[in-house]
Amino acid sequence: MPVVDPMVSSTRSFKKNARLEFSGRRGLVRALTIAMLSVVIGLGVPGGAANAQGEPEIAQMELERDADGLFLTATLQLELPGIVEDALEKGIPMFFVAEAALLRDRWYWTDKRVALSERYFRLAYLPLTRRWRVNVGSEPLSNPGVGVSLSQHYESMDEAVEAIERIARWKIADHSQMEPEVRYWVDFSFRLDLSQLPRPFQIGAVGQGEWNLTASRTLRLPPERTK
């Protein structure tokens, strides 16, 4: 009768259990990934694309300079395509980024970027309360609890979107960064930030125009006259 070393038997049992546990975890990850891709495919069917609206527009943009710095005020016209609304109602938050770059005019070379400011928005539907929440911060909001952000709740998606459309007196540069008698430009852009979405959604959005929500505008800042 063969003699079985208890230590060897225990080691083999441990390795077998470890393989089963790893296989189970890998199967769970695969199942979750397939489920996410199924949602993406479901959101990308032609029926959802048929409800797509126009791209966002910058309806109004103003610059104000004082002793504290340079401030930007803008009003957007944002109509979410049906494919994006469907994702929101399924509990997938959407992320938007507003970016303002202050450029100094240079005749001998390309314009020099003097300052760059970014504002991040997170729009999410809360199924338990049937309310909408908008978070606004100066850092990406894909990871809850990371960075500092302001949060506000709304009764409808339209009210939440309207809150994102209004940008009031956003400081984009310090006064010390600008020189008098120098011409500056401000490049302002707003977009749906796909990089903060779950990976399956980033893959599913490739090549689909309904996800390409971008708007931009350039405004000249008159030189500040010295007395």
Side-chain angles (χ1 to χ4, degrees), residues 35-36 39-40 42-45 47-64 71-100 117-172 186 188-202 204-205 208-217:
M36 290 287 288
V39 174
V40 173
L43 292 173
V45 297
N51 296 326
Q53 304 295 326
E55 293 187 355
E57 296 181 1
I58 302 174
Q60 176 262 344
M61 176 179 168
E62 296 179 356
L63 297 173
E64 179 183 355
F71 298 84
L72 182 148
T73 296
T75 302
L76 305 167
Q77 291 182 349
L78 178 61
E79 296 184 22
L80 300 180
I83 192 172
V84 176
E85 291 185 359
D86 290 344
L88 284 166
E89 292 173 354
K90 286 179 172 62
I92 306 299
M94 291 293 136
F95 302 87
F96 302 88
V97 179
E99 183 178 280
S117 298
E118 295 175 321
R119 178 173 288 187
Y120 297 87
F121 304 86
R122 182 180 187 271
L123 172 62
Y125 177 61
L126 309 177
L128 294 179
T129 60
R130 297 184 178 180
R131 303 181 72 190
W132 295 79
R133 181 171 63 195
V134 174
N135 292 84
V136 182
S138 58
E139 299 178 7
L141 303 171
S142 55
N143 296 324
V146 177
V148 179
S149 66
L150 298 177
S151 177
Q152 184 68 42
H153 292 81
Y154 301 91
E155 297 297 329
S156 67
M157 180 171 60
D158 289 341
E159 293 176 345
V161 172
E162 288 179 2
I164 297 176
E165 290 177 326
R166 299 187 299 269
I167 300 177
R169 279 188 61 82
W170 174 26
K171 186 175 182 179
I172 60 175
V186 172
F188 173 69
S189 64
F190 179 87
R191 72 180 187 277
L192 173 64
D193 189 5
L194 298 177
S195 67
Q196 297 192 64
L197 292 176
R199 186 63 178 174
F201 276 85
Q202 297 182 35
Q208 296 195 39
E210 294 80 20
W211 292 95
N212 186 27
L213 301 180
T214 60
S216 61
R217 186 173 177 181

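For the pair Thr129 and His153, the minimum side-chain heavy-atom distance is 4.5 Å or more. For the pair Pro56 and Leu192, the minimum side-chain heavy-atom distance is 4.5 Å or more.
Cation-pi check for Arg169 over Phe71 is met; the charged atom lies under 6.0 angstrom from the ring centroid and within 45 degrees of its normal.
Take Glu165 and apply the salt bridge (Lys or Arg N to Asp or Glu O under 4.0 Å) test, not counting sequence neighbours, and it matches no residue. Take Phe121 and apply the ring pair (Phe, Tyr, Trp, His ring centres under 6.0 Å) test, not counting sequence neighbours, and it matches no residue.
A distance of 12.0 Å separates CZ of Arg191 from CG of Leu213, quoted to the nearest 0.5 Å. Rounding to the nearest 0.5 angstrom, the gap separating the CG atom in Leu123 from the CE atom in Met94 is 8.5 Å. Atoms CG and NZ, from Leu72 and Lys171 in turn, are 14.0 Å apart once rounded to the nearest 0.5 Å. Here the CZ-CD1 distance, from Phe188 to Ile58, works out to 5.0 Å after rounding to the nearest 0.5 Å. Distance check: Thr75 OG1 to Gln60 CD gives 4.0 Å after rounding to the nearest 0.5 Å. Distance check, rounded to the nearest 0.5 Å: CH2 of Trp170 to CD of Glu118 gives 7.5 Å.
Pairing each heavy atom of Ile172 with each of Ser117, the nearest pair is O-OG, 3.0 Å. Minimum interatomic distance between Glu85 and Leu80 (heavy atoms only, all atoms of both residues): OE2-O, 3.4 Å. In plain terms, the two heavy atoms of Pro93 and Arg122 that are nearest each other are CG-NH2, 3.5 Å. In terms of heavy-atom proximity, Tyr120 sits nearest to Leu141 at O-CD1, 3.6 Å.
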Quiz: residues 154-164 side-chain donor-acceptor pairs under 3.5 angstrom, not counting sequence neighbours:
from, atom 1, to, atom 2, distance (Å)
Glu155, OE2, Arg131, NE, 3.4
Ser156, OG, Glu159, N, 3.3
Glu159, OE1, Glu155, N, 3.1

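Using bins of under 30°, 30° to 60° and over 60° for the plane-to-plane angle, the ring pair Phe190/Phe96 lands in the parallel bin.
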CA sep, side-chain torsions, deciding dist, call: Arg130, Tyr125, side chain to side chain contact (heavy atoms under 4.5 Å, CB included) | CA-CA 7 Å; Arg130 297 184 178 180; Tyr125 177 61; 3.6 Å; yes
